[in-house]
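Every chain is numbered from 1 and lettered A, B, ... according to where its sequence line falls, protein lines coming before strand lines. This structure is a prediction, so every number in the text was calculated from the model and none was measured.
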Number of protein chains: 2
Amino acid sequence: MSIPTGAANVAERRNMPPTLAVSTVIFGIRADKKGRTQLWLPLVRRIRQPYAGRWALPGGPVGARESLGAAGARTLAETTGLRPCYLEQLYTFGDPDRSPTQRLVTIGYFALVTEEQVGATVEDENVAWFAADDPELENLAFDHRQIIDYALWRLRNKAEYGQIAHRLLGERFTLAQLRAVYEALLGKELDPANFRRQLNATRSIEATDEYLAGGQHRPPRLYRYTGTSHDPLEVDTTL
Amino acid sequence: MSIPTGAANVAERRNMPPTLAVSTVIFGIRADKKGRTQLWLPLVRRIRQPYAGRWALPGGPVGARESLGAAGARTLAETTGLRPCYLEQLYTFGDPDRSPTQRLVTIGYFALVTEEQVGATVEDENVAWFAADDPELENLAFDHRQIIDYALWRLRNKAEYGQIAHRLLGERFTLAQLRAVYEALLGKELDPANFRRQLNATRSIEATDEYLAGGQHRPPRLYRYTGTSHDPLEVDTTL
DNA sequence: GAGGTTAGAGTCATTTTGACATTAACTAAC
DNA sequence: GTTAGTTAATGTCAAAATGACTCTAACCTC
């Protein structure tokens with residue numbers, strides 16, 4: 001697949017300074033049709049050329065006096081209304097030909113939102129959530145498909161799953177919810193008893209004295225994440 | 001520590017497009033005074049303002065029609081003469097105030113060279129190798145100290161140490177050399193017997209039928225790295 | 001109150017790990 | 001030569017971690 005570029009574009013591009021933009025891959029969990037918790041991500045429809053009408057990652061240009069992380073958080077809020085509880089820099093994509101109209105360097109970001117935030121999103125014809133394995137993702141603008149692939153790789157290769165999982169679940173969660181997240185990320189089933197034992201061995205999960213009532217069966221205890229370590233690349237989103 | 005910025009600079013910066021540059025942290029191993037293998041990295045002396053005369057990471061501006069990885073490899077060769085056997089993107093530093101004279105966005109790269117390449121470097125008053133814990137590293141230009149810190153963090157948190165270690169050692173190596181690299185990276189001593197057993201358990205290291213002669217003692221067998229997996233962010237430097 | 005379902009604790013054989021002992025192979029000093 | 005000294009490589013064993021499984025507790029619905 002190659003995009004035709006006119007001679008004028010190439011000549012023009014040679015003298016233009018690179019445009020700096022950010023794009024963010026936001027992951028959240030949501031139950032699929034079969035009730036299994038799966039990874040989802042929101043996309044926005046492009047309204048301008050190039051790739052007008054195609055789905056793309058939320059993002060936009062970096063402001064002249066704005067830090068890169070701030071640009072990621074801002075464009076995310078502007079396009080989707082989401083304020084993620086986790087944001088980190090992913091990778092910078094700068095191939096000379098990744099945009100047909102200009103030299104475009106995009107700093108990719110990686111964000112996590114809770115299940116609650118996923119449910120509260122207002123979707124319309126220009127903003128929607130897609131499952132991570134939705135075939136629609138094959139037709140994205142620019143190289144956004146590759147950005148998502150890399151974000152998935154990063155997510156699955158994180159050293160500390162506990163931290164990631166708790167960002168997707170929010171403040172309090174049951175061990176079954178946590179296990180479902182791990183299973184979605186790892187792509188395999190885990191033994192509930194052994195899973196519990198391993199989490200108890202670490203100090204990063206703490207039992208609260210609350211229980212999740214209202215379920216069909218025995219109410220599970222709620223837990224809290226108490227880990228302190230964090231990636232040095234995490235962006236502070238508390239501002 | 002804050003660098004004074006004149007009002008003219010600030011005003012000017014507001015209307016100037018961001019400058020795109022690359023900087024590379026290159027790691028190699030070399031024996032320190034006590035004969036222990038340690039991590040070293042090369043720095044170059046800045047000849048222009050800002051920070052003229054200070055040590056800095058090798059790098060330079062990204063060409064108009066050049067990919068980011070190519071810019072990393074090129075500036076590295078131009079400033080130090082090194083052609084690394086491993087190169088990957090590290091992080092993009094883009095704080096609005098990281099350069100006192102302009103909006104400067106720098107894509108940091110991370111490279112590894114073999115012990116042999118370290119020894120073959122020509123050092124002069126403007127290019128020199130420094131141990132990773134050299135106090136001189138506290139006085140670098142820009143935020144280059146932080147870039148190095150992040151590169152060290154990344155190095156130590158790599159999923160596959162075997163791959164990293166073999167890039168630092170070259171094609172063939174003894175288990176003692178490999179263990180010395182692991183010990184330098186992990187910062188602790190490893191039991192030679194257990195180290196051997198764990199490597200044999202993986203398929204990524206293969207014994208050759210050659211031995212390293214000329215040592216003081218029983219000659220050790222030479223091994224070869226046969227692993228295939230690689231990070232998706234690795235830049236192809238075979239061009 | 002009975003049956004169904006999930007939460008959570010416990011058991012046990014197997015595998016992995018860390019610590020240490022033993023043997024093999026070479027060089028240098030005598 | 002022979003021996004002492006040093007490193008390479010293999011072997012042993014107890015402790016710890018893991019995987020597969022059983023058992024009991026607590027809630028809901030009917």
Round to the nearest Å and state the distance from [X] atom [atom1] to [N] atom [atom2].
{"X": "L186(A)", "N": "dG19(D)", "atom1": "CG", "atom2": "P", "answer": "12 Å"}
{"X": "L199(B)", "N": "dT17(C)", "atom1": "CG", "atom2": "P", "answer": "12 Å"}
{"X": "L190(B)", "N": "dA19(C)", "atom1": "CG", "atom2": "C1'", "answer": "13 Å"}
{"X": "Q198(B)", "N": "dA19(C)", "atom1": "CD", "atom2": "C1'", "answer": "13 Å"}
{"X": "E189(A)", "N": "dA20(D)", "atom1": "CD", "atom2": "P", "answer": "12 Å"}
{"X": "L178(A)", "N": "dT6(C)", "atom1": "CG", "atom2": "C1'", "answer": "17 Å"}
{"X": "L212(A)", "N": "dC28(D)", "atom1": "CG", "atom2": "P", "answer": "11 Å"}

(message) Listing request: all salt bridge (charged side-chain N to carboxylate O under 4.0 Å, His left out) pairs with a residue in residues 181-204 of chain A, at least two apart in sequence or in separate chains.
(response) R179(A)-E183(A)
(request) Using a 4.0 Å cut-off on protein heavy atoms (strictly under), produce a 5'-to-3' string for nucleotides 6-13 of chain D with B for base contact, S for backbone-only sugar-phosphate contact, and - for none. (result) BBBBBBB-
Partner set under side-chain contact (heavy atoms from CB on, under 4.5 Å) for [X], not counting sequence neighbours:
{"X": "A56(A)", "result": "R46(A), A141(A), H144(A)"}
{"X": "A165(B)", "result": "L178(B), V181(B), Y182(B)"}
{"X": "Q177(B)", "result": "L169(B), F173(B), T174(B)"}

(request) Would you mind telling me which of T75(A), I26(A), L43(A) makes a side-chain contact (heavy atoms from CB on, under 4.5 Å) with L57(A)? (result) L43(A)
(request) Taking salt bridge (charged side-chain N to carboxylate O under 4.0 Å, His left out) as the test, write out the residues that go with E138(A), two or more places apart. (result) R145(A)
